[in-house]
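These notes concern the structure reproduced below.
All values reported here derive from a predicted model rather than from experimental measurement. Below, chains carry the letters A, B, ... as their sequence lines are ordered, and counting in each starts from 1.
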Number of protein chains: 2
Amino acid sequence: MRRLVTLLPIRSARRRGAQLTPPQPRPRGHQRLESLDETARRELAEETGVEAGSLHLEQVGLYSAPDRDPRTPRVITCAYLAIAPNLPSPRAGSDARTARWSPVAETRELRLAFDHNQILADAVELARDQLQFRAIAPAFCQREFTIAELREVFEAVWGVSLDKPNFHRKVTDSPGFLVPTGRKRPTGNGRPATLYRAGPATALVPPMMRPSAPAS
Amino acid sequence: MRRLVTLLPIRSARRRGAQLTPPQPRPRGHQRLESLDETARRELAEETGVEAGSLHLEQVGLYSAPDRDPRTPRVITCAYLAIAPNLPSPRAGSDARTARWSPVAETRELRLAFDHNQILADAVELARDQLQFRAIAPAFCQREFTIAELREVFEAVWGVSLDKPNFHRKVTDSPGFLVPTGRKRPTGNGRPATLYRAGPATALVPPMMRPSAPAS
DNA sequence: GCAAAAGTGTTATACGTACACCCATGT
DNA sequence: ACATGGGTGTACGTATAACACTTTTGC
C-alpha cells in the first residue's frame with residue numbers, strides 16, 4: 001500500500017520556519033538567509049533523510065486565522081506539499097517524534113490538532129488536482145519505474161481504479177512524459193514490464209482526467 | 001477594454017498586513033485580531049472602495065526569497081488575487097498613490113519593482129486556471145450581465161477569441177452557473193440580450209477548456 | 001427592408017471508455 | 001501447456017469545434 005503523508009508535529013513545524021515570526025538566531029554561527037521553500041526542503045531532508053534533489057515541493061497555502069492555535073494567537077503556518085518516493089520512516093529521536101505515515105484513503109479519519117485536518121485535506125486535494133495536469137506522478141516512483149507502478153500512484157491518490165490498457169496509451173502517448181530506458185523488469189509472473197524514466201515534459205497533454213465517481 | 005489588475009505600492013503592501021512581520025499596533029484602540037484573508041479584504045475595500053461582499057479573494061502564494069527586496073532582507077509577502085467588477089480608480093491621496101489599472105494583455109510589458117513582475121504573472125496565471133473550472137467569471141461582471149459580457153471576460157483573461165454559439169450553450173447548459181432574470185437589455189443595435197445573474201454553482205461542469213493557441 | 005447582434009441547429013471530428021485480444025515470461 | 005501480468009486493437013458513445021441558419025431589435 002502506498003503511503004503518502006507525513007505529519008510533522010507543531011513543535012517541529014515552528015522550528016523549521018513554517019511559522020512566520022522572525023526566525024530565532026541559530027546556535028552555531030553562519031546563519032545563511034534562505035527562502036521558506038529552501039527551509040522546508042532542508043528541514044524535510046534533515047528529518048526524514050530524503051535527498052533534496054528528488055523532491056517535488058509545492059506551497060499549499062497560508063493559514064492565519066487568529067484563533068487557529070488557541071494557546072497562542074497569531075501563529076501563522078505556511079503548509080507545503082512534498083512528493084517523493086520511498087520515504088523512510090521518520091527518525092526516532094528527531095524532531096519528528098510523532099511523525100507517521102498514513103495511506104491517502106485514511107487521511108479523512110485522522111484526528112489532528114488545531115486546523116491540521118483542514119491543511120491536510122487541502123494538501124491532498126492539491127495533489128489530486130496537480131496529478132491531472134502536471135507531470136509529477138513519476139516523483140512518487142523510483143528513478144526507473146513501470147507503467148503499472150505509475151498507475152498505482154494515480155489509483156492511490158485518487159482512490160479509484162483505472163483501466164489498464166487506456167492508462168498505458170495515455171501516458172506513453174503524452175509527449176515528453178516518459179522515456180523508455182530499454183531495460184525491462186521481470187515481474188516474477190508474466191511478461192516483463194519495460195522500464196521508464198521521467199521525461200522532460202512538465203505538463204501532461206492531454207490531461208489525465210480524474211474520474212468523477214470512485215470505481216470498484 | 002476590460003481592466004483587471006491593480007498594483008498597490010510596497011509601502012501600502014506593508015501596512016495592510018501583506019508583510020508577515022507582526023502587525024504594528026493600530027492608532028485607534030480595539031485592535032481586533034484578523035486573518036490575513038480578512039486583512040486583505042478590509043484593506044482593499046478601504047483603499048479602492050470595493051465593498052467586501054462582492055469580492056472573490058484568493059491566495060496566490062508566499063514570496064520569501066531573502067534578497068527579493070535588496071534594501072531589507074526577510075521581507076515576506078503573501079500575494080492575493082481579487083476578482084471584482086467595475087472597480088473605481090484608486091483614490092488619489094490614499095496609500096495606493098501609485099496604484100493603477102492595466103489590461104491583462106499588457107501586464108507582461110509592465111516594469112515593476114523587485115519580484116512583483118513574477119507575482120503578477122503568477123496571479124494572472126492563477127486567474128486563467130481558475131476560470132476554467134470555477135464559476136468565478138460572473139464576479140468580473142455586474143450583478144446582472146449578458147452572455148456576451150461574460151464571454152468578454154474569458155476572452156480578456158485568456159487573450160483569445162471564442163466561438164459565440166458554442167460559448168452560449170456551454171454556460172447556459174452548465175447546471176447552476178447562470179440564472180436568467182427574465183429581463184432583457186437592448187443592445188442599441190440588434191436583438192436584445194437576456195440578462196443573467198450568478199447561480200449557486202461553485203464549479204463549472206463540464207469545465208470551460210482554454211484553447212491552447214490564441215485565436216485570431 | 002436591411003444591418004446587427006442574440007440565439008439555435010447540424011455535422012464532422014476527436015476523445016474517452018469498455019473490452020476483446022495478443023505477447024512474453026515463469027513454472 | 002498454462003497461468004499471469006504486460007501491452008495492442010477495435011468499436012461505440014459522448015463531447016467539442018466549426019459554421020450555417022433563424023430570431024429580434026433599431027433605423
Length of the line joining [X]:[atom1] and [N]:[atom2], which is rounded to integer Å:
| X | N | atom1 | atom2 | answer |
| --- | --- | --- | --- | --- |
| B:Asp173 | D:dT16 | CG | P | 10 Å |
| A:Arg185 | C:dG26 | CZ | C1' | 17 Å |
| B:Met209 | D:dA15 | CE | C1' | 12 Å |
| A:Arg151 | D:dG7 | CZ | P | 10 Å |
| A:Phe145 | D:dG6 | CZ | C1' | 16 Å |
| B:Phe167 | C:dA6 | CZ | C1' | 14 Å |
| B:Arg183 | D:dT25 | CZ | P | 17 Å |
| B:Arg210 | D:dT16 | CZ | P | 17 Å |

Check whether the side chain of B:Arg169 and the base of C:dG9 form a donor-acceptor pair under 3.5 Å.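 Answer yes: a donor N or O sits under 3.5 Å from an acceptor.
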Taking all heavy atoms of B:Ala198 and all of B:Val179, pick out the closest pair and write down the distance. O-CG2, 3.7 Å
Give a yes/no on whether any side-chain N or O of [X] is located under 4.0 angstrom from OP1 or OP2 of [N].
| X | N | result |
| --- | --- | --- |
| B:Thr146 | C:dA6 | no |
| A:Lys184 | D:dG6 | no |
| A:His168 | D:dT8 | yes |
| B:Thr187 | C:dA4 | no |

Comparing A:Asp163 with A:Arg191, nearest DNA chain C nucleotide closer to 5' gives the residue A:Asp163
Just call it for [X]: base, sugar-phosphate, or nothing, with non-hydrogen atoms closer than 4.0 Å on any strand.
| X | answer |
| --- | --- |
| A:Thr172 | nothing |
| B:Asn189 | sugar-phosphate |
| A:Pro165 | base |

Of all the choices, C:dT17, C:dA6, C:dG7, which nucleotide is nearest to the side chain of A:Lys170 once you look at every atom?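 Shortest atom-to-atom distance from the side chain points to C:dT17.
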Closest to side chain of A:Asn166, choosing from C:dA18, C:dG16, D:dT16: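 Comparing C:dA18, C:dG16, D:dT16 against the side chain of A:Asn166, the answer is C:dA18.
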Should the ring pair B:Phe133 and A:Phe133 be called parallel, tilted or perpendicular, given that the plane angle runs from 0 to 90° and is split at 30 and 60? tilted
Would the A:Tyr196 and A:Phe145 ring centres measure less than 6.0 Å apart?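 No, they do not, as the ring centres are separated by 6.0 Å or more.
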Side chains of B:Glu155 and B:Ser161: donor-acceptor distance under 3.5 Å anywhere?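 No pair is found: no donor N or O on one side chain lies under 3.5 Å from an acceptor on the other.
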To the closest 0.5 Å, what do you measure between CG (B:Leu62) and SG (A:Cys78)?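 Going from the CG atom of B:Leu62 to the SG atom of A:Cys78 covers 4.5 Å.
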